[in-house]
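Notes to accompany the following structure.
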Amino acid sequence: MRRLSVFGATGSVGQSALDLVRRDRHAWQIVVLSANSDVAELARLAREFTPEIAVIGDPARHDELTAALADTNVGVAAGADALVDAARLPADLVLAAIVGTAGLAPTMAAIEAGCDVALANKESLVSAGELMIAAAQRSGATILPVDSEHNAIFQCLAGGRLDQVRPAEAMARVTPAQAVAHPNWSMGAKISVDSATMMNKGLELIEAHHLFPVGLDRIEILVHPQSVIHSLVEYVDCSTLAQLGSPDMRIPIASALAWPQRMATPCAPLDLAAIARLDFEAPDEERFPATALCRAAIAEGGARPAQLNAANEVAVAAFLAGRISFPAIIDTVKRVLDADAPAVPGALQDIFSVDAASRAAAQHFVDQLEHA
């Protein structure tokens, strides 16, 4: 029986992982379940999976969660420090699926404790990739990518070594409801908007640079509308391996959960005859400049990726709240990157300082745009 901690248990990735656990219940002992603020769902999951501890990120919800689990043997904790403490508990695998930089500290704590981490929180690696990879090398922890693209690269390397186009003039009229309506994947609102702006691909470029250090110039982005081929790896002999699968996050999650073995999933088998065609195109960086912004940020390095990530989180939240237009998301990120160049971060606290300053700057620009 393997010990598994799930951070972000009530989100789409956490729920998908627990669906797989549910289908092979005898193989897993759940150590930690966490959520940001959804007490009812966290309590329901805690009753089903009986973790050692359930942690709610919002400290104001501690008493509510305690009352909801009063007749169980599940421990209860709340707040950012509790998440970090829970991440240090002995586990064979920690699924890091907290959205945004809120997941950075617990993810780093798990890595420093020597736990293998199934990483679904891309913001952690984007903001603090160099620190995180160095920590894993020191502790011996293995980082297993859960993002479908990086998991695909990981699978293609196992035997070897080392969105839809819109007219530009329509962009200003894109609504939050349209932006979150991804044609293939079922994702949270923030990730769906990132997909619509192509920021998601840019952030994944930064992730890939840290996970697979082959050189930034050797990592390319392709737009593939069918979401069937998730990544390709070209070898020195010009052979190219591709990982294909239905657009179901349970497939890459299962790969990370079972590694180095395989586990059954309930996902639909791939029917290439029914799909019939596979299309590819280079990203249009004039219409979708996010990928170029991300490539420039990681090329410069230092605090730039953390700045970019923080500004994007603020801008996406403002767009979803109806405060700014769709194009203003990337405009806000550009303004933050153009305004300041912080010192190179040497520790996690430096990343948090950059994050806070960048969020404040982005909020200032959002306020200006909203009242313009």
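Keep in mind it's a predicted model, so treat the numbers as computed, not measured.
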Heavy-atom side-chain proximity of [X] to [Y] below 4.5 angstrom:
| X | Y | answer |
| --- | --- | --- |
| Leu278 | His224 | yes |
| Leu125 | His150 | no |
| Glu64 | Val76 | no |
| Arg22 | Glu48 | yes |
| Phe7 | Val13 | no |
| Leu320 | Val193 | yes |
| Leu232 | Cys156 | no |
| Ser12 | Met249 | no |

#### Entry: Among Ile221, Leu308, Val126, the one residue meeting side-chain contact (heavy atoms from CB on, under 4.5 Å) with Cys294
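Only one of Ile221, Leu308, Val126 forms a side-chain contact (heavy atoms from CB on, under 4.5 Å) with Cys294, namely Leu308.
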Answer yes or no: is there a donor N or O on one side and an acceptor on the other, between the side chain of [X] and the main chain of [Y], under 3.5 Å?
| X | Y | answer |
| --- | --- | --- |
| Asp116 | Leu93 | no |
| Arg250 | Cys267 | no |
| Asn121 | Gly100 | yes |
| Ser353 | Gln349 | yes |
| Ser246 | Ala268 | yes |
| Ser239 | Tyr235 | no |
| Ser127 | Ser124 | no |

In this structure, would [X] and [Y] fall into the same cluster of hydrophobic residues linked by side-chain contacts under 4.5 Å?
| X | Y | result |
| --- | --- | --- |
| Leu337 | Phe365 | no |
| Met263 | Phe154 | yes |
| Leu131 | Phe212 | yes |
| Val21 | Leu89 | yes |
| Leu33 | Leu69 | yes |

Could you check whether [Y] and [X], counting side-chain N and O atoms only, form a donor-acceptor pair closer than 3.5 Å?
| X | Y | answer |
| --- | --- | --- |
| Asn151 | Gln155 | yes |
| Glu285 | Thr291 | yes |
| Lys122 | Asn309 | no |

Measuring from [X]:[atom1] to [Y]:[atom2], what's the distance to the nearest 0.5 Å?
| X | Y | atom1 | atom2 | result |
| --- | --- | --- | --- | --- |
| Leu45 | Thr10 | CG | OG1 | 7.5 Å |
| Asp248 | Ser227 | CG | OG | 12.0 Å |
| Ile98 | Glu123 | CD1 | CD | 11.0 Å |
| Asp147 | Glu207 | CG | CD | 4.5 Å |
| His230 | Ile153 | NE2 | CD1 | 12.5 Å |
| Glu204 | Ile219 | CD | CD1 | 12.0 Å |

Using a 6.0 Å cut-off, check whether atom [atom1] of [X] has over 12 heavy atoms from anything other than its own residue.
| X | atom1 | answer |
| --- | --- | --- |
| Glu52 | CD | yes |
| Arg218 | CZ | no |
| Asp81 | CG | no |
| Asn73 | CG | no |

Between [X] and [Y], which heavy-atom pair has the shortest distance, and what is it?
| X | Y | answer |
| --- | --- | --- |
| Gly14 | Leu95 | CA-CD2, 4.4 Å |
| Val31 | Ser5 | CB-OG, 3.4 Å |
| Gln307 | Val336 | NE2-O, 3.8 Å |
| Arg295 | Glu220 | NH2-CA, 4.3 Å |
| Ala46 | Pro51 | O-CD, 3.4 Å |
| Ala135 | Glu112 | CB-CG, 4.2 Å |

### Task
Begin with the C-alpha distance, continue with both residues' side-chain angles, and end with the deciding distance and a verdict on side chain to side chain contact (heavy atoms under 4.5 Å, CB included) for His364 and Asp367.
CA-CA 5 Å; His364 172 71; Asp367 292 341; 5.5 Å; no
### Task
Using a strict 4.0 Å threshold on nitrogen-to-oxygen distance, state whether Asp85 and Arg88 make a salt bridge.
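Salt bridge between Asp85 and Arg88, a charged N being under 4.0 Å from a carboxylate O: yes.
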### Query
Is any side-chain N of the basic residue among Asp19 and Arg23 closer than 4.0 Å to the acidic one's carboxylate O?
yes
### Task
Mind running side chain to side chain contact (heavy atoms under 4.5 Å, CB included) on Arg323 and Leu369 for me, showing each step along the way?
CA-CA 8 Å; Arg323 298 182 61 200; Leu369 289 167; over 6 Å; no
### Query
Given the rule in the side chain to side chain contact (heavy atoms under 4.5 Å, CB included) test, do Phe49 and Val6 qualify, once you have shown the distances and angles that lead to the verdict?
CA-CA 11 Å; Phe49 292 100; Val6 181; over 6 Å; no
### Task
Step by step, work out the side chain to side chain contact (heavy atoms under 4.5 Å, CB included) result for Arg47 and Asp71.
CA-CA 10 Å; Arg47 287 180 174 278; Asp71 59 342; 2.6 Å; yes
